[in-house]
Amino acid sequence: MVLTDSEMEFIRKELGRDPNPLEYGMLDVMFSEHCSYKSSRPVLGLFPTEGEDVIIGPGDDAGVVEITDELALVIGIESHNHPSAIEPYGGAGTGIGGILRDIISMGAMPVALLDSLRFGYLEDQKSRYLFEHVVRGISDYGNRVGVPTVAGEVEFDENFQLNPLVNVMCAGLVPKNDIKRGIAPRPGDVFLLMGGRTGRDGIHGVTFASEELTSSSELEDRPAVQVGDPFTKKMVMEASFEIMDEIEVSGVKDLGGGGLTCCISELVAKCDNGARVSLEAIPLREEGMTPYEIMLSESQERMIFVMAPDDVEAAMEICRKYELPAAVIGEVTDTGRMIVESEGEVIADLPAKLLADPPVVEREARKPQLPEGQVEVKHPPLKDTLLKLISSPNIASKRWVYRQYDHEVQIRTVVKPGDDAAVLRVDGTTGVALTVDCNSIHTKLDPYGGGAASVGEAIRNVVSMGAWPVCIVDCLNFGNPEKPEVFWQFRECVRGMADMAETFSTPVISGNVSFYNETEGVTVNPSPVVGVAGKLSLDSIKTLDFKDEGEEIVVIGETGPELGASEYLRTVHGIVDGKPPETDLKAEFEAAKAVKEIIDGSGNKVTAVHDCSAGGIAVAVAEMAIKSGIGARIDPMKIPGRFRNIHEALFSESNGRYIMTVRGSARDILGGLDVPWAVIGTTGGRTLEFGDVALDISELDDAYHGVIEAYMST
Amino acid sequence: MRVGVIRFPGSNCDRDVHHVLELAGAEPEYVWWNQRNLDHLDAVVIPGGFSYGDYLRAGAIAAITPVMDAVRELVREEKPVLGICNGAQILAEVGLVPGVFTVNEHPKFNCQWTELRVKTTRTPFTGLFKKDEVIRMPVAHAEGRYYHDNISEVWENDQVVLQFHGENPNGSLDGITGVCDESGLVCAVMPHPERASEEILGSVDGFKFFRGILKFRG
């Protein structure tokens with residue numbers, strides 16, 4: 001129960017009476033942080049949300065942008081952190097189920113899933129358990145519904161041990177004329193509820209997601225975790241498309257957090273309408289459910305279609321074909337009130353707007369102590385350092401994860417997992433590059449800079465493929481916003497993200513906020529997970545592996561003496577401290593623009609492009625070598641920048657940098673560029689050399705592969 | 001040429017196969033699981049996916065649907081039938097091809113590209129390859145490990161269609177990952193030819209499976 005005294009007072013004033021117990025439950029759910037965004041809403045207003053390609057911005061189930069003359073890209077992201085901490089397999093699966101429904105609700109066919117996962121270190125048994133079963137949950141659910149999981153990221157750090165982060169992004173495609181909305185504009189239309197039956201699972205899912213977890217949560221909160229059924233979901237998906245094809249529906253919305261209460265009140269409140277819902281009509285999974293349980297259940301695989309009464313029979317026929325329960329459960333009214341009836345009696349009567357638009361809460365923000373300078377450490381030998389870094393689970397190959405996901409179904413996946421971003425074909429000439437990324441250490445040590453850098457890094461991922469960003473989605477994972485330090489982190493982070501998005505004129509079209517990621521006094525590192533979609537031509541795709549011997553290797557962007565907050569410090573020294581790299585918005589943009597121009601202007605003379613981020617230049621070049629089996633000779637002193645030693649040159653995580661190989665003279669291709677760049681070496685041979693330090697490709701390969709496999713029993 | 005693409009609840013490669021059949025110049029049409037008569041079709045493809053959620057055992061429930069009786073009838077009429085992935089599991093489950101596809105040696109879902117050797121060219125789907133040609137196609141399954149009690153018989157009857165070349169990613173007996181019935185007209189393969197049928201996706205080796213169906217009927 002989360003309603004505060006002041007919220008109760010507000011509700012009493014609005015109603016002119018006390019809410020009855022059912023109404024209290026409905027309000028409690030809708031006033032939860034998860035449904036209402038009451039703490040975050042004022043801050044989220046900082047994001048740029050408009051652009052000429054934007055068709056639907058934040059506020060609906062997912063955002064929509066134009067991607068070709070005919071097609072729109074629909075994109076959304078969601079967290080399922082708390083359920084995954086309690087029941088990793090089901091929690092992760094229903095996380096996918098939820099975001100899929102959001103995409104389907106817009107009328108779009110889901111074409112790609114991406115996941116961003118954070119766990120404790122793999123030495124810890126509980127973390128291995130959570131990791132194993134979250135991945136299995138995603139695999140079983142995503143594979144069964146036939147939507148490819150094409151990219152993602154995984155981070156391991158102590159602070160996620162008891163509170164893993166499980167974020168899932170989904171992209172869909174829809175002809176621009178067939179886009180649907182979550183609205184109920186016509187009084188007299190009816191609500192057709194179809195799909196899974198309503199049961200007792202997931203009750204208070206959203207309120208439990210709006211509180212901190214405790215050691216007893218695993219026992220006490222299990223009923224709040226929904227039960228997923230990917231097979232039914234696949235049927236719901238197919239039937240939904242058939243209904244939307246054959247019937248002129250006036251609105252569609254999925255049932256997620258907050259169940260029927262949330263879905264129906266939001267549908268009607270958007271159009272200043274009301275609703276009348278008849279409890280007896282709702283298909284139930286079990287007997288004896290109370291009105292409270294029915295209205296709050298978060299049972300999965302349910303959708304509501306708003307349609308004219310005359311169309312109901314045709315829709316029911318489609319549901320029968322797929323053997324899905326379906327029923328008309330109420331109608332749209334013009335009263336503005338959400339009325340629930342049982343056996344002819346009104347048992348709840350609330351203003352729909354009071355449910356759908358609770359008042360915001362002003363939170364106090366206070367700046368915590370943050371590092372100002374660099375951490376001084378003694379640098380171990382270069383060779384050992386690099387091997388240690390690329391064999392850290394945070395950097396090493398994630399093949400153990402992505403081989404469990406069907407990343408090929410729907411035959412769109414042109415660039416498969418393991419590159420900077422996935423590339424999917426949209427039609428015969430256009431592709432979309434998709435990525436999800438986040439830098440939680442930078443954000444912890446500098447929320448503004450880390451927020452901006454997380455957006456910058458995700459954009460670099462798609463630019464490296466040859467794309468230009470068209471939209472951003474975000475999933476903001478933070479601690480308890482009632483703590484002023486956490487709220488300050490949140491606000492600064494969003495400010496940084498918004499400034500970077502603004503610099504690129506790239507709109508933020510959808511998102512999700514997950515607060516209360518705290519368990520037993522440990523707050524997770526603030527993790528602004530950023531999804532970016534970029535548009536590209538299918539004949540100019542770039543990948544990160546070296547393509548040939550004797551090609552010049554170029555670094556674009558400057559490297560500073562910026563080891564603070566680096567993967568190098570975390571993995572090699574066990575230190576998460578120091579001032580993160582500077583965030584220069586303009587330099588990030590200029591570097592991206594330059595790379596895009598070179599790719600577009602020089603055609604196939606640009607042979608490989610790789611984003612430079614965690615682990616710095618050394619790790620980026622090593623990945624290019626490992627993936628191709630081709631070596632390289634690098635002269636670290638030729639890297640453009642102001643570093644003091646070879647470790648700073650190779651392991652700093654300065655922003656706005658790319659690595660590229662070119663066929664022919666780099667001077668001819670990059671000569672006119674107005675950004676810092678330099679040739680730092682040449683590809684070739686079977687060793688990777690940094691000055692006089694040489695590593696065999698096979699040695700790198702052995703270090704990079706099989707790392708996660710060694711921790712997991714199967 | 002009319003080629004049926006069978007849809008069970010849970011099929012998920014149906015649209016992909018339909019698309020590639022069109023590219024190959026066939027006239028594909030979807031067939032719902034409860035259809036009992038397929039006389040108008042010249043060939044049938046059972047696409048991959050998770051028919052009935054793979055509940056009980058991959059292919060077990062699809063095997064007892066009306067459409068599989070109609071498929072048996074097509075086989076009697078000597079029309080080509082191709083099962084891909086879940087479709088292959090279903091064909092093994094109903095006994096139209098020898099042996100079984102069971103849980104991978106590494107007991108997890110596994111999606112990766114593989115190299116394969118074409119072991120017989122007498123089927124309609126492999127007629128455009130050379131015997132022992134090495135081709136590339138991806139696999140994506142959790143239950144794809146081929147097993148047969150009397151494997152020498154399968155070899156002797158020339159019923160091995162595809163064999164892993166190099167890495168055997170699921171522990172299949174003799175690396176076998178595609179088999180046919182004695183006539184060669186019914187073919188069950190775990191790798192996905194429809195995912196290797198366009199240059200942009202990394203290989204066109206699989207396209208010959210579909211062009212082969214058309215060629216077969218001249």
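Everything numeric here is computed off the predicted structure, so don't read it as measured data. Throughout, a chain's letter reflects where its sequence line sits, starting with A, and its residues are numbered from 1.
Of the possible polar contacts, one joining the B:Ser203 side chain to the B:Arg136 backbone as a donor-acceptor pair under 3.5 Å is found. Under a 3.5 Å cut-off, the side chain of A:Gln410 and the backbone N or O of B:Cys13 do not form any donor-acceptor pair.
For A:Arg425, the part sitting under 4.5 Å from any heavy atom of chain B is the side chain, from C-beta outward, and nothing else. Heavy-atom distances place no part of A:Glu709 under 4.5 Å from chain B, backbone and side chain included. Heavy atoms of B:Ser197 lying under 4.5 Å from chain A are absent altogether. Heavy atoms closer than 4.5 Å to chain B are found in the backbone of A:Arg412, but not in its side chain. Using a 4.5 Å cut-off between heavy atoms, B:Pro107 touches chain A through its side chain atoms alone. Proximity to chain A (any heavy atom under 4.5 Å) is restricted, for B:Arg15, to the side chain, taken from C-beta onward. For A:Lys416, the part lying under 4.5 angstrom from a heavy atom of chain B is the side chain only. For B:Tyr52, the parts lying under 4.5 angstrom from a heavy atom of chain A are both the backbone and the side chain. Residue contact with chain B, scored on non-hydrogen atoms closer than 4.5 Å, involves the side chain of A:Tyr322 exclusively.
Applying the side-chain hydrogen bond (donor to acceptor under 3.5 Å, both in side chains) test to A:Ser139 and every residue at least two apart in sequence or in another chain returns A:Asn143.
Exactly one residue among B:His106, B:Arg145, B:Glu143, B:His141 makes a side-chain hydrogen bond (donor to acceptor under 3.5 Å, both in side chains) with B:Asn170. That residue is B:His141.
Taking the six-membered ring where tryptophan is involved, the planes of A:Trp400 and A:Phe131 are tilted, since the angle between them lies from 30° to 60°.
One finds a salt bridge joining A:Glu132 and B:Lys108 here, because a Lys/Arg side-chain nitrogen approaches an Asp/Glu carboxylate oxygen to under 4.0 Å. Using a 4.0 Å cut-off between charged nitrogen and carboxylate oxygen, B:Arg117 and B:Glu133 do not count as a salt-bridge pair.
Heavy-atom pairs under 4.5 Å with chain B were tallied for A:Val147, A:Val409, A:Val414, A:Val145; the largest tally goes to A:Val409.
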